[in-house]
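Reviewing the structure listed below.
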Amino acid sequence: MARAKHGTGTGRSRALIRERREAQRRRQTWTAIAVGAVVVVALALLFGLNVLRAANLPGERLSDLGNLHIDEGTRSPIAYNSTPPTSGPHYPSLAEWGVHDETLPDELVVHNLEDGGVGVWYNCPEGCPELVDQLAEVVGQYDEGVLMAPYPGMDTRIALTAWTRIDRFEAFDEERVADFIEAYLGTDHHERP
């Protein structure tokens, strides 16, 4: 008889242990589900904020044409998708930052954009010294990362470029120029492994 009691007690202990383990597994499952839900919600919010941020950035977003390096002095093997270009094949060297009086090769300045630079362009066939001075004053506020040059053949008098971004307009707007520069200056676009 003592044996039966002992066996029954062991059976109850095992059942109790099984119940506790099952309860612990349920708690762990619900904890994992809750943590997973929090992570999914956090990622969704982060993605949503990035989408909203991108939608509020200045300029028009263009397709990325890649960052193929080509030999100095050669022309891009593909047509750029904007004038001036915002991405695509380019030389391995950079244009000097700052104000330029002469036009610069597209294949040179695209590398500047890839490295986080901003281009400020003007098109004035008849000359526009006042506009050039106004743009140069804004560009002069930056030691590096911004370059300015004439760009004949644009559809507008002024264009601002960064990697895959362009803003085109006719009349000088200091705040618009500064906002564009501040939005994109320093954002490196080299592909990461």
Side-chain angles (χ1 to χ4, degrees), residues 52-191:
L52 287 174
R53 182 181 173 272
N56 291 325
L57 289 173
E60 174 188 353
R61 178 145 174 64
L62 301 172
S63 297
D64 189 330
L65 298 177
N67 59 353
L68 174 71
H69 279 200
I70 58 175
D71 291 334
E72 297 278 340
T74 62
R75 307 259 319 145
S76 171
I78 64 168
Y80 293 115
N81 59 359
S82 66
T83 304
T86 64
S87 67
H90 57 270
Y91 301 152
S93 59
L94 296 170
E96 188 175 322
W97 301 114
V99 177
H100 298 264
D101 296 330
E102 303 290 324
T103 60
L104 300 169
D106 291 339
E107 295 83 2
L108 181 62
V109 297
V110 169
H111 195 172
N112 289 67
L113 304 182
E114 181 189 30
D115 283 2
V118 175
V120 177
W121 314 103
Y122 60 92
N123 178 26
C124 304
E126 307 300 318
C128 53
E130 183 179 344
L131 174 62
V132 171
D133 289 345
Q134 291 169 321
L135 292 171
E137 187 173 325
V138 176
V139 171
Q141 296 173 24
Y142 300 90
D143 293 331
E144 64 177 44
V146 183
L147 57 86
M148 175 184 141
Y151 200 101
M154 292 190 312
D155 292 339
T156 57
R157 285 183 53 160
I158 303 167
L160 309 173
T161 57
W163 190 259
T164 69
R165 300 296 274 202
I166 190 165
D167 192 11
R168 301 172 253 219
F169 47 103
E170 293 297 327
F172 177 72
D173 181 334
E174 182 176 357
E175 185 176 342
R176 188 171 180 173
V177 175
D179 286 349
F180 190 93
I181 292 170
E182 291 299 321
Y184 302 112
L185 182 64
T187 304
D188 187 287
H189 299 280
H190 288 91
E191 292 180 8

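Along the sequence shown, residues carry numbers from 1.
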Pair up each side-chain donor or acceptor in residues 73-82 with any protein partner under 3.5 Å, not counting sequence neighbours, and list the distances.
from: T74; atom 1: OG1; to: D71; atom 2: O; distance (Å): 2.6
from: S76; atom 1: OG; to: I78; atom 2: N; distance (Å): 3.3
from: S76; atom 1: OG; to: I78; atom 2: O; distance (Å): 2.8
from: Y80; atom 1: OH; to: P89; atom 2: O; distance (Å): 2.6
from: N81; atom 1: ND2; to: S63; atom 2: O; distance (Å): 3.1
from: S82; atom 1: OG; to: P84; atom 2: O; distance (Å): 2.7

Do [X] and [Y] come within less than 4.5 Å of each other through their side chains, counting heavy atoms only?
X	Y	value
R157	L131	yes
L108	S93	yes
Y122	M148	yes

When you look at [atom1] of [X], are more than 12 heavy atoms from neighbouring residues, nucleotides or ligands closer to it than 6.0 Å?
X	atom1	answer
E175	CD	no
D143	CG	no
E130	CD	no
E96	CD	no

**Message:** With side-chain contact (heavy atoms from CB on, under 4.5 Å) as the criterion, how do I158 and Y151 come out once you've worked through the C-alpha distance, each side chain's angles and the decisive distance to 0.1 Å?
**Reply:** CA-CA 9 Å; I158 303 167; Y151 200 101; over 6 Å; no
What are the two closest heavy atoms between [X] and [Y], and how far apart are they?
X	Y	value
V146	W97	N-CE3, 3.3 Å
P85	V110	CG-CG2, 3.7 Å
A149	L104	CB-CD1, 4.0 Å
T86	L113	CA-CD1, 3.8 Å
V109	A95	CG1-CB, 4.0 Å
T156	E170	CA-OE2, 3.2 Å

**Request:** Start with the C-alpha distance between F180 and V138, add both sets of side-chain angles, then the distance that settles side-chain contact (heavy atoms from CB on, under 4.5 Å), and finish with yes or no.
**Result:** CA-CA 11 Å; F180 190 93; V138 176; over 6 Å; no
**Request:** List in chain and number order the residues that pass salt bridge (Lys or Arg N to Asp or Glu O under 4.0 Å) with E182, two or more places apart in sequence or in another chain; answer none if no residue qualifies.
**Result:**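 None.
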**Prompt:** Who are the salt bridge (Lys or Arg N to Asp or Glu O under 4.0 Å) partners of D106, not counting sequence neighbours?
**Reply:**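 Salt bridge (Lys or Arg N to Asp or Glu O under 4.0 Å) list for D106, sorted by chain: empty.
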**Item:** R165 vs L57, side-chain contact (heavy atoms from CB on, under 4.5 Å): CA-CA, chis, key distance, verdict
**Value:** CA-CA 9 Å; R165 300 296 274 202; L57 289 173; 3.3 Å; yes
Going from [atom1] on [X] to [atom2] on [Y], what distance comes out if it is rounded to the nearest 0.5 angstrom?
X	Y	atom1	atom2	result
N123	R168	CG	CZ	12.5 Å
E174	D179	CD	CG	10.0 Å
E60	T161	CD	OG1	12.5 Å

Between [X] (side chain) and [Y] (backbone), is there a donor-acceptor pair under 3.5 Å?
X	Y	value
H111	P92	yes
R176	D167	no
E107	I70	no
Y184	P58	yes
S87	L65	yes

**Parallel, tilted or perpendicular: rings of H90 and W163 (30°, 60°)** =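 The arrangement is perpendicular - the two ring planes meet at more than 60°.
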**Partner of L160 under side-chain contact (heavy atoms from CB on, under 4.5 Å), chosen from I166, V177, I181** =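 Answer after filtering I166, V177, I181: V177.
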